[in-house]
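Data first, discussion second: the structure below is written as C-alpha coordinates.
We number each residue from 1, following the sequence as shown. Note that ligands are numbered from 1 as they come in the structure, with each ligand's atoms numbered from 1 the same way.
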Amino acid sequence: MHLSGKVAIVTGGAAGIGGAISRVFVQRGAKVVAVDLSAAAGKTLTAEMGASVAFLEGDVTDPKVAARAVAMAVERFGHLDTVVNNAHASQQAPFSALTEAQWELSMNTGLVATRQFMLAAYPELKKHGGSIINFGSGAALEGQPTQAAYAAAKEAIRGLSRVVANEWAKDNIRVNVVCPIALTAGVAKWKESFPDMYNASLARIPLGRFGDPERDVAPVVAFLASDDSRFMTGQTLLADGGSSKLR
Ligand SMILES: NC(=O)c1ccc[n+]([C@@H]2O[C@H](COP(=O)([O-])OP(=O)(O)OC[C@H]3O[C@@H](n4cnc5c(N)ncnc54)[C@H](O)[C@@H]3O)[C@@H](O)[C@H]2O)c1
(Lines give C-alpha, C1' and ligand atoms only; values in the text may rest on other atoms or scores of the structure.)
Protein backbone atom coordinates (compact mmCIF):
# COMPACT_ATOMS: atom_id res chain seq x y z
CA MET A 1 0.00 0.00 0.00
CA HIS A 2 1.22 3.49 -0.70
CA LEU A 3 1.23 6.57 1.54
CA SER A 4 1.64 9.24 -1.14
CA GLY A 5 0.41 12.60 0.10
CA LYS A 6 0.22 11.50 3.73
CA VAL A 7 1.91 13.45 6.52
CA ALA A 8 2.72 11.61 9.75
CA ILE A 9 4.16 12.30 13.18
CA VAL A 10 6.16 9.37 14.54
CA THR A 11 7.17 9.58 18.22
CA GLY A 12 10.41 7.84 19.08
CA GLY A 13 10.74 8.06 15.32
CA ALA A 14 14.51 8.22 14.95
CA ALA A 15 15.56 4.72 16.07
CA GLY A 16 14.25 1.25 16.86
CA ILE A 17 10.78 0.40 15.56
CA GLY A 18 9.98 4.14 15.26
CA GLY A 19 13.03 4.67 13.06
CA ALA A 20 11.89 1.78 10.86
CA ILE A 21 8.40 3.30 10.64
CA SER A 22 9.80 6.70 9.62
CA ARG A 23 11.93 5.07 6.90
CA VAL A 24 9.17 2.82 5.55
CA PHE A 25 6.64 5.67 5.55
CA VAL A 26 9.02 7.83 3.47
CA GLN A 27 9.80 4.92 1.13
CA ARG A 28 6.06 4.64 0.55
CA GLY A 29 5.61 8.33 -0.24
CA ALA A 30 4.80 9.96 3.11
CA LYS A 31 6.36 12.97 4.80
CA VAL A 32 7.32 12.43 8.43
CA VAL A 33 7.90 14.54 11.53
CA ALA A 34 10.08 12.28 13.70
CA VAL A 35 10.10 13.23 17.39
CA ASP A 36 12.88 11.74 19.48
CA LEU A 37 15.13 12.36 22.48
CA SER A 38 18.18 11.28 20.49
CA ALA A 39 19.62 14.10 18.40
CA ALA A 40 22.28 11.74 17.04
CA ALA A 41 19.69 9.25 15.76
CA GLY A 42 17.68 12.15 14.32
CA LYS A 43 20.74 13.39 12.43
CA THR A 44 21.34 9.93 10.95
CA LEU A 45 17.70 9.65 9.92
CA THR A 46 17.52 13.06 8.20
CA ALA A 47 20.88 12.52 6.47
CA GLU A 48 19.44 9.30 5.04
CA MET A 49 15.88 10.39 4.19
CA GLY A 50 16.45 14.03 3.17
CA ALA A 51 13.70 16.64 3.12
CA SER A 52 10.90 14.09 3.51
CA VAL A 53 11.72 13.92 7.23
CA ALA A 54 11.60 16.83 9.66
CA PHE A 55 13.31 15.97 12.95
CA LEU A 56 12.11 17.39 16.26
CA GLU A 57 14.40 16.76 19.21
CA GLY A 58 12.24 16.52 22.31
CA ASP A 59 10.75 14.52 25.13
CA VAL A 60 7.26 13.18 24.39
CA THR A 61 6.23 13.74 28.01
CA ASP A 62 6.38 17.52 27.45
CA PRO A 63 3.02 18.74 26.08
CA LYS A 64 4.81 21.62 24.32
CA VAL A 65 6.64 19.01 22.22
CA ALA A 66 3.34 17.52 21.00
CA ALA A 67 2.08 20.99 20.04
CA ARG A 68 5.38 21.78 18.30
CA ALA A 69 5.26 18.50 16.33
CA VAL A 70 1.78 19.27 15.01
CA ALA A 71 2.80 22.83 14.09
CA MET A 72 5.91 21.50 12.35
CA ALA A 73 3.88 19.02 10.29
CA VAL A 74 1.59 21.81 9.09
CA GLU A 75 4.37 24.38 8.51
CA ARG A 76 6.71 21.98 6.69
CA PHE A 77 4.29 19.66 4.90
CA GLY A 78 0.93 21.48 4.79
CA HIS A 79 -1.31 19.21 6.87
CA LEU A 80 -1.39 16.17 9.19
CA ASP A 81 -2.95 12.74 8.52
CA THR A 82 -1.36 10.29 10.94
CA VAL A 83 0.07 10.13 14.44
CA VAL A 84 2.11 7.09 15.45
CA ASN A 85 2.53 7.02 19.25
CA ASN A 86 5.49 4.67 19.32
CA ALA A 87 7.84 6.09 21.99
CA HIS A 88 7.66 4.39 25.39
CA ALA A 89 10.44 4.04 27.96
CA SER A 90 10.23 1.61 30.88
CA GLN A 91 12.30 -0.28 33.42
CA GLN A 92 11.53 -3.73 34.75
CA ALA A 93 11.18 -4.65 38.44
CA PRO A 94 8.93 -6.94 40.49
CA PHE A 95 5.70 -5.07 41.34
CA SER A 96 6.45 -4.79 45.08
CA ALA A 97 9.89 -3.34 44.32
CA LEU A 98 8.85 -0.85 41.62
CA THR A 99 9.91 2.69 42.50
CA GLU A 100 7.66 5.73 42.00
CA ALA A 101 10.16 6.95 39.41
CA GLN A 102 9.90 3.68 37.45
CA TRP A 103 6.09 3.77 37.60
CA GLU A 104 6.03 7.38 36.42
CA LEU A 105 8.56 6.81 33.65
CA SER A 106 6.33 4.20 32.03
CA MET A 107 3.05 6.05 32.63
CA ASN A 108 4.39 9.39 31.40
CA THR A 109 6.29 8.27 28.30
CA GLY A 110 3.55 5.76 27.38
CA LEU A 111 0.03 6.72 28.45
CA VAL A 112 0.41 10.45 29.17
CA ALA A 113 2.40 11.17 26.00
CA THR A 114 -0.03 9.16 23.85
CA ARG A 115 -2.93 11.21 25.26
CA GLN A 116 -1.07 14.48 24.70
CA PHE A 117 -0.20 13.75 21.07
CA MET A 118 -3.76 12.58 20.31
CA LEU A 119 -5.23 15.76 21.79
CA ALA A 120 -2.66 18.03 20.11
CA ALA A 121 -3.33 16.43 16.72
CA TYR A 122 -7.13 16.40 16.95
CA PRO A 123 -7.82 19.91 15.53
CA GLU A 124 -5.75 19.10 12.41
CA LEU A 125 -6.98 15.51 11.98
CA LYS A 126 -10.65 16.43 12.24
CA LYS A 127 -10.33 18.82 9.27
CA HIS A 128 -10.20 15.85 6.87
CA GLY A 129 -10.03 12.61 8.87
CA GLY A 130 -6.92 10.64 9.80
CA SER A 131 -5.33 7.65 11.44
CA ILE A 132 -3.83 7.32 14.92
CA ILE A 133 -1.69 4.28 15.62
CA ASN A 134 -0.86 3.58 19.25
CA PHE A 135 1.40 0.90 20.69
CA GLY A 136 0.54 -2.00 22.97
CA SER A 137 2.60 -5.03 23.96
CA GLY A 138 2.36 -8.77 24.32
CA ALA A 139 4.06 -8.34 27.72
CA ALA A 140 0.86 -6.58 28.82
CA LEU A 141 -1.53 -8.99 27.08
CA GLU A 142 0.22 -11.92 28.76
CA GLY A 143 0.97 -10.28 32.14
CA GLN A 144 4.70 -10.79 31.97
CA PRO A 145 6.33 -10.69 35.45
CA THR A 146 8.40 -7.55 36.23
CA GLN A 147 6.42 -5.52 33.68
CA ALA A 148 3.69 -4.04 35.94
CA ALA A 149 4.29 -0.36 35.12
CA TYR A 150 4.74 -1.08 31.42
CA ALA A 151 1.76 -3.44 31.18
CA ALA A 152 -0.51 -1.03 33.08
CA ALA A 153 0.40 1.80 30.69
CA LYS A 154 0.07 -0.40 27.59
CA GLU A 155 -3.39 -1.72 28.50
CA ALA A 156 -4.50 1.80 29.45
CA ILE A 157 -3.39 2.89 25.97
CA ARG A 158 -5.52 0.12 24.42
CA GLY A 159 -8.55 1.15 26.51
CA LEU A 160 -8.06 4.80 25.59
CA SER A 161 -7.72 3.84 21.92
CA ARG A 162 -11.04 1.96 21.88
CA VAL A 163 -12.91 4.84 23.51
CA VAL A 164 -11.43 7.48 21.21
CA ALA A 165 -12.03 5.23 18.18
CA ASN A 166 -15.74 5.40 19.05
CA GLU A 167 -15.75 9.13 19.90
CA TRP A 168 -13.77 10.34 16.87
CA ALA A 169 -15.30 7.99 14.29
CA LYS A 170 -17.71 10.83 13.45
CA ASP A 171 -14.65 12.84 12.32
CA ASN A 172 -13.37 9.88 10.27
CA ILE A 173 -10.38 9.60 12.60
CA ARG A 174 -9.42 5.98 13.07
CA VAL A 175 -7.55 4.77 16.18
CA ASN A 176 -5.85 1.40 16.18
CA VAL A 177 -3.13 -0.34 18.18
CA VAL A 178 -0.13 -2.43 17.13
CA CYS A 179 1.59 -4.91 19.47
CA PRO A 180 4.98 -5.72 17.94
CA ILE A 181 7.89 -7.98 18.68
CA ALA A 182 11.10 -6.87 17.03
CA LEU A 183 14.81 -7.17 17.62
CA THR A 184 15.77 -3.54 18.17
CA ALA A 185 18.86 -2.23 19.97
CA GLY A 186 16.67 -1.88 23.09
CA VAL A 187 15.61 -5.53 22.91
CA ALA A 188 19.21 -6.59 22.31
CA LYS A 189 20.12 -4.79 25.58
CA TRP A 190 17.18 -6.47 27.36
CA LYS A 191 18.41 -9.81 26.03
CA GLU A 192 21.78 -9.18 27.71
CA SER A 193 20.21 -8.26 31.07
CA PHE A 194 17.51 -10.95 31.10
CA PRO A 195 18.76 -13.83 28.88
CA ASP A 196 16.36 -16.37 30.42
CA MET A 197 13.38 -14.12 29.78
CA TYR A 198 14.57 -13.47 26.22
CA ASN A 199 14.93 -17.20 25.51
CA ALA A 200 11.51 -17.88 27.05
CA SER A 201 9.99 -15.17 24.80
CA LEU A 202 11.74 -16.58 21.75
CA ALA A 203 10.42 -20.05 22.54
CA ARG A 204 6.87 -18.63 22.61
CA ILE A 205 7.07 -17.14 19.09
CA PRO A 206 5.48 -19.67 16.71
CA LEU A 207 7.26 -18.15 13.70
CA GLY A 208 10.51 -18.83 15.56
CA ARG A 209 12.22 -15.43 15.60
CA PHE A 210 11.99 -11.85 16.77
CA GLY A 211 10.67 -9.60 14.02
CA ASP A 212 12.65 -7.23 11.87
CA PRO A 213 11.51 -3.64 12.61
CA GLU A 214 11.50 -2.57 8.95
CA ARG A 215 10.20 -5.72 7.28
CA ASP A 216 7.88 -7.19 9.89
CA VAL A 217 6.47 -4.32 11.96
CA ALA A 218 6.62 -1.04 9.99
CA PRO A 219 4.52 -2.45 7.08
CA VAL A 220 1.69 -3.26 9.52
CA VAL A 221 1.81 0.31 10.82
CA ALA A 222 1.90 1.58 7.21
CA PHE A 223 -1.22 -0.48 6.47
CA LEU A 224 -3.05 1.19 9.37
CA ALA A 225 -1.91 4.63 8.15
CA SER A 226 -3.05 3.89 4.59
CA ASP A 227 -6.48 4.05 3.02
CA ASP A 228 -6.36 0.24 2.67
CA SER A 229 -7.46 0.09 6.32
CA ARG A 230 -10.05 2.84 6.03
CA PHE A 231 -12.85 0.61 7.43
CA MET A 232 -10.84 -0.45 10.51
CA THR A 233 -10.90 1.34 13.84
CA GLY A 234 -10.59 0.38 17.52
CA GLN A 235 -8.59 -2.72 16.62
CA THR A 236 -5.39 -4.23 17.98
CA LEU A 237 -3.12 -5.86 15.39
CA LEU A 238 -0.35 -8.17 16.56
CA ALA A 239 2.88 -8.13 14.55
CA ASP A 240 4.49 -10.66 16.88
CA GLY A 241 5.10 -13.88 14.96
CA GLY A 242 1.97 -15.39 16.51
CA SER A 243 3.05 -15.05 20.17
CA SER A 244 -0.31 -13.81 21.45
CA LYS A 245 -3.76 -14.36 20.00
CA LEU A 246 -6.55 -11.91 20.71
CA ARG A 247 -10.05 -13.30 20.50
N1 LIG B 1 10.78 -4.06 20.49
C2 LIG B 1 9.83 -4.92 20.84
O3 LIG B 1 9.96 -6.13 20.68
C4 LIG B 1 8.55 -4.42 21.43
C5 LIG B 1 7.66 -5.34 21.98
C6 LIG B 1 6.44 -4.88 22.45
C7 LIG B 1 6.14 -3.53 22.36
N8 LIG B 1 7.05 -2.66 21.84
C9 LIG B 1 6.68 -1.25 21.76
O10 LIG B 1 7.07 -0.73 20.48
C11 LIG B 1 7.44 0.64 20.62
C12 LIG B 1 8.85 0.85 20.08
O13 LIG B 1 9.73 -0.01 20.77
P14 LIG B 1 11.31 -0.02 20.51
O15 LIG B 1 11.77 -1.33 21.01
O16 LIG B 1 11.61 0.40 19.13
O17 LIG B 1 11.79 1.15 21.53
P18 LIG B 1 13.26 1.73 21.78
O19 LIG B 1 13.54 1.57 23.23
O20 LIG B 1 14.22 1.16 20.81
O21 LIG B 1 13.07 3.32 21.57
C22 LIG B 1 12.61 3.86 20.38
C23 LIG B 1 12.92 5.35 20.33
O24 LIG B 1 12.16 6.08 21.31
C25 LIG B 1 12.95 7.17 21.75
N26 LIG B 1 12.45 7.65 23.05
C27 LIG B 1 12.48 7.02 24.24
N28 LIG B 1 11.94 7.79 25.20
C29 LIG B 1 11.55 8.96 24.59
C30 LIG B 1 10.95 10.15 25.05
N31 LIG B 1 10.62 10.31 26.34
N32 LIG B 1 10.68 11.13 24.14
C33 LIG B 1 11.05 10.98 22.84
N34 LIG B 1 11.63 9.87 22.35
C35 LIG B 1 11.88 8.87 23.22
C36 LIG B 1 14.36 6.60 21.82
O37 LIG B 1 15.34 7.63 21.78
C38 LIG B 1 14.39 5.70 20.59
O39 LIG B 1 14.89 6.40 19.46
C40 LIG B 1 7.27 0.98 22.11
O41 LIG B 1 5.99 1.50 22.33
C42 LIG B 1 7.42 -0.37 22.77
O43 LIG B 1 6.82 -0.41 24.05
C44 LIG B 1 8.25 -3.08 21.39
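Using a distance-only test at 3.5 Å, with no hydrogens or angles considered, no donor-acceptor pair links the side chain of Ser106 to the main chain of Gln102. Using a distance-only test at 3.5 Å, with no hydrogens or angles considered, a donor-acceptor pair links the side chain of Thr233 to the main chain of Val175. Asp171 contributes no side-chain N or O that, together with a main-chain N or O of Ile173, makes up a donor-acceptor pair within less than 3.5 Å.
Geometrically, ligand 1 and Ile17 share a nitrogen or oxygen pair separated by less than 3.5 Å. Considering backbone and side-chain N/O of Thr109, none are found under 3.5 Å from N/O of ligand 1. Residue-to-ligand polar distances place Lys154 within reach of ligand 1: an N/O pair is separated by less than 3.5 Å.
In the vicinity of Val187, heavy-atom distances shorter than 4.0 Å reach the ligand 1 atoms 1 (N), 2 (C), 3 (O). Close approach of ligand 1 to Ser137 is summarised as follows: ligand atoms under 4.0 Å from at least one heavy atom of the residue are 6 (C), 7 (C). Each of the atoms 7 (C) of ligand 1 lies under 4.0 Å from some heavy atom of Gly136. The Ile181 neighbourhood of ligand 1 comprises atoms 3 (O), with distances under 4.0 Å to a heavy atom of that residue.
Taking the six-membered ring where the residue is Trp, His128 and His79 present perpendicular rings, their angle passing 60° and hence far from 30°. The aromatic rings of Trp190 and Tyr198 stand perpendicular to each other, their planes meeting at an angle above 60°, with 30° marking the opposite boundary.
Using a 4.5 Å cut-off on side-chain heavy atoms (C-beta onward), Val70 and Ile9 make contact. In this structure the side chain of Met232 reaches within 4.5 angstrom of the side chain of Leu237, judged on heavy atoms. When side chains are defined from C-beta on, Lys43 does not count as touching Glu48, because their heavy atoms never get closer than 4.5 Å. A heavy-atom distance below 4.5 Å is not found between the side chains of Val7 and Glu124.
No heavy atom of Ser90 sits closer than 4.0 Å to any atom of ligand 1. Residue-ligand proximity: Ala182 is placed with a non-hydrogen atom under 4.0 Å from ligand 1.
For atom 18 (P) of ligand 1, the nearest protein heavy atom lies 4.0 Å away or farther. Proximity of atom 3 (O) of ligand 1 to the protein is indicated by at least one non-hydrogen atom lying closer than 4.0 angstrom.
Electrostatic pairing of Glu192 and Lys189 does not count as a salt bridge here, judged by no charged N lying under 4.0 Å from a carboxylate O. Under 4.0 Å is where a charged nitrogen must lie from a carboxylate oxygen, and between Lys6 and Asp227 at least one such pair does. Contact check on Glu75 versus Arg68 returns a salt bridge, with a Lys/Arg side-chain nitrogen under 4.0 Å from an Asp/Glu carboxylate oxygen.
Taking only non-hydrogen atoms, the option from Phe210, Tyr150, Trp190 nearest to atom 7 (C) of ligand 1 is Tyr150. In this comparison of Leu37, Thr11, Asp36, the heavy atom closest to atom 39 (O) of ligand 1 sits on Asp36. Across Ala153, Gly42, Gly12, Gly58, heavy-atom proximity to atom 33 (C) of ligand 1 is greatest for Gly58. Between Thr114, Thr184, Thr61, Val60, it is Val60 that holds the heavy atom closest to atom 32 (N) of ligand 1.
Protein heavy atom nearest atom 10 (O) of ligand 1, with residue, atom name and distance: Phe135 CD2, 3.3 Å. Of the protein's heavy atoms, Ala15 O, 3.8 Å lies nearest to atom 22 (C) of ligand 1. For atom 31 (N) of ligand 1, the closest non-hydrogen atom of the protein is Asp59 OD1, 3.0 Å. Ranking the protein heavy atoms by distance from atom 20 (O) of ligand 1 puts Gly16 CA, 4.0 Å first. The nearest protein atom to atom 5 (C) of ligand 1, hydrogens excluded, is given as Pro180 O, 2.9 Å; this is a heavy-atom distance.
In Asn86, the parts holding a heavy atom less than 4.0 Å from any atom of ligand 1 are both the side chain and the backbone.
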Quiz prompt | side chain to side chain contact (heavy atoms under 4.5 Å, CB included) between Asp212 and Leu183, intermediate numbers included | solution = CA-CA 6 Å; Asp212 177 78; Leu183 195 50; over 6 Å; no
